[in-house]
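Throughout, protein chains are lettered first and strands after them, A, B, ... in sequence-line order, and every chain is numbered starting at 1.
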Number of protein chains: 2
Amino acid sequence: MVTVSTSNEAYHHGSLREALVAAGMEALDGLDGKEVSLRELARKVGVSPTAVYRHFPDKQALVEALASEGLAMLGAAQAEAATKVGGGALGFAETGRAYVRFALAHPALFRLMYTQGNPVEHDVSGDPAGRLLQKMTRELSSNIEDADRLALQAWSIAHGIAMLMLDGRIPADDALIDRLLNTENLFRVQGRSSEESP
Amino acid sequence: MVTVSTSNEAYHHGSLREALVAAGMEALDGLDGKEVSLRELARKVGVSPTAVYRHFPDKQALVEALASEGLAMLGAAQAEAATKVGGGALGFAETGRAYVRFALAHPALFRLMYTQGNPVEHDVSGDPAGRLLQKMTRELSSNIEDADRLALQAWSIAHGIAMLMLDGRIPADDALIDRLLNTENLFRVQGRSSEESP
DNA sequence: GCCTCTATGTTTACAGCGTTCACTTTAGGC
DNA sequence: GCCTAAAGTGAACGCTGTAAACATAGAGGC
């Protein structure tokens with residue numbers, strides 16, 4: 001039973017949707033492997049399973065609501081991390097760390113955000129974290145093309161680290177995050193690879 | 001109904017396990033979002049659902065069998081791609097491309113390999129793709145520490161690109177794969193970031 | 001050549017899931 | 001104060017993974 005913020009049992013008053021999302025976010029903290037169940041959330045909120053369908057067309061829609069809530073949280077965490085060090089290139093690096101740390105702090109939510117969430121299909125407008133990333137890289141780069149490339153690369157690295165750590169492929173170690181996010185060494189290898197090309 | 005390789009209906013003869021895995025691999029091609037069902041595989045093979053439990057303790061074990069089959073396929077694809085260009089640094093770069101291409105070619109299998117598969121928990125011995133990666137990076141680097149760092153970074157980038165493309169966050173475009181895997185530009189930004197640090 | 005034992009299958013059953021349909025309750029506008 | 005539309009309920013369907021009891025087939029020992 002989740003105690004909804006204001007009036008305790010004031011359903012039939014429009015708060016069910018928010019209560020479900022709140023219960024969902026709460027349920028997502030603590031279970032990583034298993035996925036959240038619609039009936040379980042209904043139970044937690046004290047309502048019959050079918051009541052959910054008055055507020056969401058199906059489970060997918062409920063899950064997407066959780067996903068976009070998560071994206072907002074992530075965006076906020078990144079923005080805070082960036083401004084705390086004064087923005088700029090240093091702030092940009094900090095958003096990467098914040099990204100991975102967020103994933104480790106909320107494994108189930110993070111997974112859900114990217115596997116279930118509305119795909120945003122190459123449009124960044126509905127994704128606060130994506131918007132911030134685009135803004136920062138465009139400030140750092142001289143032209144938009146470079147900026148967008150950098151944005152996708154940075155995103156890929158951070159996302160890869162996060163996922164591999166969540167999946168237990170790489171130790172979920174804070175120092176390792178820093179070591180991997182620092183990509184100075186990659187230049188050498190890339191250069192060598194170019195030398196060998198005909 | 002999947003037609004198992006040798007004798008058509010020679011169950012009760014030890015081929016059920018292989019038939020199930022084959023049916024699983026077949027089922028995984030063609031469905032991305034949904035996950036494979038134990039009962040469905042049993043149906044495809046023409047056997048009752050509970051027969052599966054004579055060969056796998058539970059569904060997870062069956063899924064892990066599929067995962068390790070997938071890891072073997074990936075390792076083979078990468079090795080082939082690397083040798084085709086003559087190995088070396090160029091071959092190393094090629095394994096990255098092969099990794100992402102494999103993910104795009106077998107989305108459901110790839111997801112399953114990394115989210116469900118036996119975590120290998122930081123031990124690379126049961127993972128052919130991981131072994132190859134370790135071998136190549138150690139050949140490319142002067143010391144083991146640099147090599148392992150490079151390995152994890154390269155893995156992270158490729159994995160991030162693959163996942164973001166599978167999840168529809170980034171266009172699944174072949175040219176984009178190359179653009180993102182080429183990380184020469186990252187050096188500049190990283191350098192700037194260092195300048196600003198106190 | 002028969003008998004038995006074990007590996008491999010089947011049947012039935014249970015609890016949980018998402019979802020549909022028909023129904024009831026409730027709150028608010030006239 | 002009624003009436004209507006919104007919101008929640010209950011029963012049911014087909015699906016899932018899994019457990020327990022039972023059936024059968026084939027190999028090995030005699």
Between the side chain of [X] and the main-chain N/O of [Y], is any donor-acceptor distance below 3.5 Å?
X: A:R169; Y: B:Y114; result: yes
X: A:E94; Y: A:T83; result: no
X: B:T137; Y: B:Q134; result: yes
X: B:Q78; Y: B:T95; result: yes

Give every pair of a protein N or O atom and an N or O atom of nucleotides 13-17 of chain D that lie under 3.5 Å apart, one pair per line with the distance.
{"residue": "D:dT16", "atom": "OP1", "partner": "B:S37", "partner atom": "OG", "Å": "3.2"}
{"residue": "D:dT16", "atom": "OP1", "partner": "B:R43", "partner atom": "NH2", "Å": "3.4"}
{"residue": "D:dT16", "atom": "OP2", "partner": "B:R43", "partner atom": "NH2", "Å": "2.7"}
{"residue": "D:dG17", "atom": "OP1", "partner": "B:L38", "partner atom": "N", "Å": "2.7"}
{"residue": "D:dG17", "atom": "OP1", "partner": "B:K59", "partner atom": "NZ", "Å": "3.1"}
{"residue": "D:dG17", "atom": "OP2", "partner": "B:L38", "partner atom": "N", "Å": "3.2"}
{"residue": "D:dG17", "atom": "OP2", "partner": "B:R39", "partner atom": "N", "Å": "3.0"}
{"residue": "D:dG17", "atom": "N7", "partner": "B:R39", "partner atom": "NH1", "Å": "2.4"}
{"residue": "D:dG17", "atom": "O6", "partner": "B:R39", "partner atom": "NH1", "Å": "2.9"}

Nearest-Å distance, [atom1] ([X]) to [atom2] ([N])?
X: A:L41; N: C:dT19; atom1: CG; atom2: C1'; result: 16 Å
X: B:E18; N: C:dT8; atom1: CD; atom2: C1'; result: 14 Å
X: B:L16; N: D:dA25; atom1: CG; atom2: P; result: 16 Å
X: B:L20; N: C:dT8; atom1: CG; atom2: P; result: 13 Å
X: A:R54; N: C:dT24; atom1: CZ; atom2: C1'; result: 11 Å

_Between the base of C:dT19 and the side chain of A:T50, is one N or O donor paired with an acceptor at under 3.5 angstrom?_
no
*Working to the nearest 0.5 Å, report the span between CZ of B:R111 and CD of B:E35.*
12.0 Å
*Roughly how far, to the nearest 0.5 Å, is CG of A:L104 from CG of A:D174?*
8.0 Å
*Taking five pairs at each end, how big is the angle between the two axes of the helix from C:dG1-D:dC30 to C:dC30-D:dG1, to 10°?*
10°
*Would you say A:F102 and A:L109 make side-chain contact, with heavy atoms under 4.5 Å?*
yes
*Answer yes or no: is there a side-chain heavy-atom contact under 4.5 Å between B:D178 and B:R97?*
yes
*Taking only N and O in the side chain of A:H55, is any of them less than 4.0 Å away from OP1 or OP2 of D:dG8?*
yes
